[in-house]
Structure formats: C-alpha cells, structure tokens
Amino acid sequence: MIESDIMNIYQKLLDHFGKRNWWPAETSFEIMVGAILTQQTTWKNVERAINNLKRENLMNIDALAKADISKLERTIRSSGFFRQKASRLKNIASHLMSEYNGDLNVFFDRDTNEIREELLALKGIGQETADSILLYAGGKPIFVVDGYTIRICERLGLCAEKNYDEVQKWFMKRLPKAAEVYGEMHALIVELGKHHCKAEPKCNGCPLMESCSFHSKNNHQTELQSTI
DNA sequence: ACCCAGGTGGCCC
DNA sequence: GGGCCACATGGG
C-alpha cells in the first residue's frame, strides 16, 4: 500500500472508469425504490423490477402505497427477497403518504441527521440504504459505505476500522465535503469492486494494483499480479 | 453444483 | 458491540 492518498485513488479510478454519474433514475422516488431493491442483488435484476413497476404504473408514492401486495411481489420478483422487499416498499410509500402527503421535497427539506434517523426507523432501511437515499435522492453530502468499501479499505490499508460508522467518518474526513464527490467516489468504488475486488480478487487490469496488499503479500500464488 | 450480488432484521451472547 | 441466519432471483 504505497499510494494511500485518497484523492490520488479517486483520480485513478476516475481516469480508469470515467464519471459514473450515479444514481441512474428518473425521479428521486425511483432512487429510493432502487436502493431497497438493490440490496444484496445485482443491478441487472433490479432494472427488470424497476421497468416492471413503471409498466404497471407503480413507480410513484401514491400508487405504491395502495398497491396490492401480491401484485407488487410479482412485479418485483426478479430482484430477489421479493416478499420482504414488497412489504417494505409499500410500508415506506405509506409512511411518505401519511406523513408528507407524498411530497419528497418536504421530506428532504430538513436536517440531514433527522431524516437519517427517520429512514433508519423504517423496516428495510439500514445504514447503507439510508445514506444512499440521502445522498442520491436528497442530494445531501453524506458518504455511502458498502461491502466493497470495507474490503477495499482492508486491501489498500486505508481505514483500519471495519464498522460502518468509522469507515464513513474516515472518508468524510478526507474527501471534499460535496455530494458530487461523495456520490462519484462511492460509484467508482462499486465499479472497482465489481471488476476487481470480489472475495476472490481479479487482478488483471485493476487500476489500483500497485497499492493492493494482495500484490505485495503473495496471497496469490500465480504469477499474475493481484489487485485489490 | 456451487458462489455471490450496490443489505437488513432478528436473535444470541 | 459482533457473529450467525433467513430472505430469493438470476448470472457466472
């Protein structure tokens, strides 16, 4: 781990992958829905579910709050854990309807931490999902930590702590405090993770190969260099 | 036939 | 606070 300067890493990832421009969606509510659907699920499967919801005219707060649960389950089936996710989505939509009359501008126009606590109190919204919603749907400057982030921290020797809060603080202390940067960084980390930082590392072409501990520590036997 | 994905909640200690 | 398990589809 030679290059541990975070902005250096950020720039390398940006050069390699290009701007990600996350989160892809037509509305902020679609981002909230996607954040639930993508839990422990590939985006490909989520896209199918999102398209189904749009086709069934369920991609809006009011309709989702009223949706028939069986129909909702069938509609999002491809995203996995569909029974849990259906009831949680419906519950979240109902909450937004009853408390904010379905107006997300009102919902987001408050202190970030207050919104975060409220999100965390809803079933199906944990820390990562709450922060994804705050950042990408609400435009709040808060850094999203996911499984890849923790793993990358280990392999690059960045943040020593492994719990969510500490890793989040680590990044927020070092990155410019801007939603734009936080969003791009998280998206780049996910991109890096998908290609090079799975449990079983795939080294070829990793833009951060030089910095990765797998490289220096021969956790790899092959002659191939490792990666992150 | 495995293993895993842009996690979460419930339970246990 | 951490460790383990169920939750479920679809792709490699």
Side-chain angles (χ1 to χ4, degrees), chain A residues 10 13 17-25 28 30-53 69-93 95 116-138 140 142-155 159-169 171 179 181-205 227-228:
Chain A
Y10 180 75
L13 293 175
F17 294 115
K19 277 191 79 176
R20 305 282 83 212
N21 297 312
W22 267 17
W23 188 296
S28 49
E30 185 180 329
I31 294 176
M32 298 182 75
V33 171
I36 299 290
L37 294 179
T38 198
Q39 292 166 359
Q40 196 64 21
T41 303
T42 56
W43 186 250
K44 200 76 183 164
N45 285 349
V46 174
E47 278 183 318
R48 293 187 180 109
I50 287 176
N51 289 333
N52 291 342
L53 286 170
I69 199 69
S70 308
K71 178 180 181 182
L72 187 51
E73 289 176 354
R74 272 179 269 125
T75 308
I76 66 167
R77 185 176 140 282
S78 68
S79 73
F81 305 142
F82 61 86
R83 293 187 193 86
Q84 281 189 12
K85 286 174 179 174
S87 76
R88 288 167 178 183
L89 281 175
K90 179 165 168 145
N91 180 57
I92 291 164
H95 177 82
R116 191 172 196 268
E117 292 307 314
E118 187 173 328
L119 287 168
L120 288 174
L122 294 165
K123 300 279 195 215
I125 300 184
Q127 299 181 99
E128 179 180 343
T129 305
D131 290 336
S132 295
I133 290 170
L134 286 167
L135 175 62
Y136 295 112
K140 309 292 186 185
I142 189 156
F143 188 73
V144 179
V145 175
D146 68 355
Y148 290 133
T149 311
I150 310 251
R151 193 179 283 162
I152 285 166
C153 279
E154 284 179 56
R155 296 185 187 176
C159 175
E161 305 290 338
K162 292 187 184 171
N163 65 72
Y164 192 99
D165 295 326
E166 294 304 321
V167 174
Q168 182 178 52
K169 273 194 259 175
F171 279 90
V181 179
Y182 290 162
E184 203 52 54
M185 185 65 179
H186 170 61
L188 287 166
I189 284 174
V190 172
E191 201 59 28
L192 176 68
K194 289 202 282 201
H195 295 288
H196 304 287
C197 198
K198 307 253 184 186
E200 193 63 31
K202 291 180 182 143
C203 314
N204 290 330
T227 325
I228 217 196

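In what follows, chains carry the letters A, B, and so on, assigned in the order in which the sequence lines appear, proteins first and then strands, with residues in each chain numbered from 1. Scope of the values below: all heavy atoms of this structure, side chains included, with no hydrogens, waters or symmetry mates. In this text the structure is predicted, and so the values were computed from the model without any measurement.
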Expressed in angstrom and rounded to an integer, what is the separation of [X] atom [atom1] from [N] atom [atom2]?
X	N	atom1	atom2	value
A/Met32	B/dG7	CE	C1'	16 Å
A/His195	B/dA5	NE2	C1'	14 Å
A/Lys85	C/dT9	NZ	C1'	9 Å
A/Glu73	C/dA8	CD	P	8 Å
A/Tyr164	B/dG6	OH	P	16 Å
A/Ile125	B/dG9	CD1	P	8 Å
A/Leu13	B/dG6	CG	P	16 Å
A/Ile76	C/dT9	CD1	P	11 Å

Of the nucleotides [options], which has the atom closest to the [X] side chain?
X	options	result
A/Asp146	C/dA8, B/dA5, B/dG7	B/dG7
A/Lys123	C/dA8, B/dG10, C/dG11	B/dG10
A/Trp22	C/dG10, B/dT8, B/dG6	B/dG6
A/Thr38	B/dA5, B/dG6, C/dG10	B/dG6

- Task: Verify the distance criterion only: is there a donor paired with an acceptor across the side chains of A/Arg48 and A/Asn51 at less than 3.5 Å?
- Result: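 Distance-only check fails for A/Arg48 and A/Asn51.
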- Task: May I ask you to check whether A/Lys123 and A/Ser87 show a side-chain donor-acceptor distance below 3.5 Å?
- Result: no
Looking at every strand, decide which applies to [X] at a 4.0 Å heavy-atom threshold: base, sugar-phosphate, or nothing.
X	value
A/Gln84	base
A/Leu120	nothing
A/Ile36	nothing

- Task: Would you mind telling me which residue lines up with the more 5' stretch of DNA chain C, A/Lys44 or A/Gln40, judged by nearest nucleotide?
- Result: A/Gln40
Is the phosphate of [N] approached by [X] (side-chain N or O, under 4.0 Å from OP1 or OP2)?
X	N	result
A/Gln39	B/dG7	no
A/Arg48	C/dG10	no
A/Thr129	B/dT8	yes
A/Arg77	C/dG10	yes

- Task: Let me know, please, whether A/Ala35 or A/Gly124 comes out on the 5' side of the other along DNA chain B by nearest nucleotide.
- Result: A/Ala35
- Item | Earlier contact from the 5' end, DNA chain B, for A/Thr42 and A/Leu122 |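 Whichever sits nearer the 5' end wins; that is A/Thr42.
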Pairwise [atom1] distance for [N] and [M], with rounding to whole Å:
N	M	atom1	value
C/dG10	B/dT8	P	22 Å
B/dA1	C/dA8	P	22 Å
C/dC4	B/dC4	P	15 Å
B/dG6	C/dC5	P	23 Å

- Task: Run the salt-bridge test on A/Glu154 and A/Lys162 with the 4.0 Å N-O cut-off and return the result as yes or no.
- Result: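 Looking at A/Lys162 together with A/Glu154, the answer is yes, because their closest N to O distance falls below 4.0 Å.
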- Query: Salt bridge between A/Lys169 and A/Glu166, side-chain N to carboxylate O under 4.0 Å?
  - Reply: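 Salt bridge flag = yes for A/Glu166 with A/Lys169.
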- Item | A/Trp43 ring over B/dA5 six-membered base ring, under 5.5 Å and 30° | no
- For the residue pair A/Phe82 and A/Arg74, establish whether any side-chain heavy-atom pair is separated by less than 4.5 Å. no
- Query: Do A/Cys203 and A/His196 pass the side-chain contact (heavy atoms from CB on, under 4.5 Å) test, and can you show the C-alpha distance, the side-chain angles, and the key distance before you say yes or no?
  - Reply: CA-CA 6 Å; A/Cys203 314; A/His196 304 287; over 6 Å; no
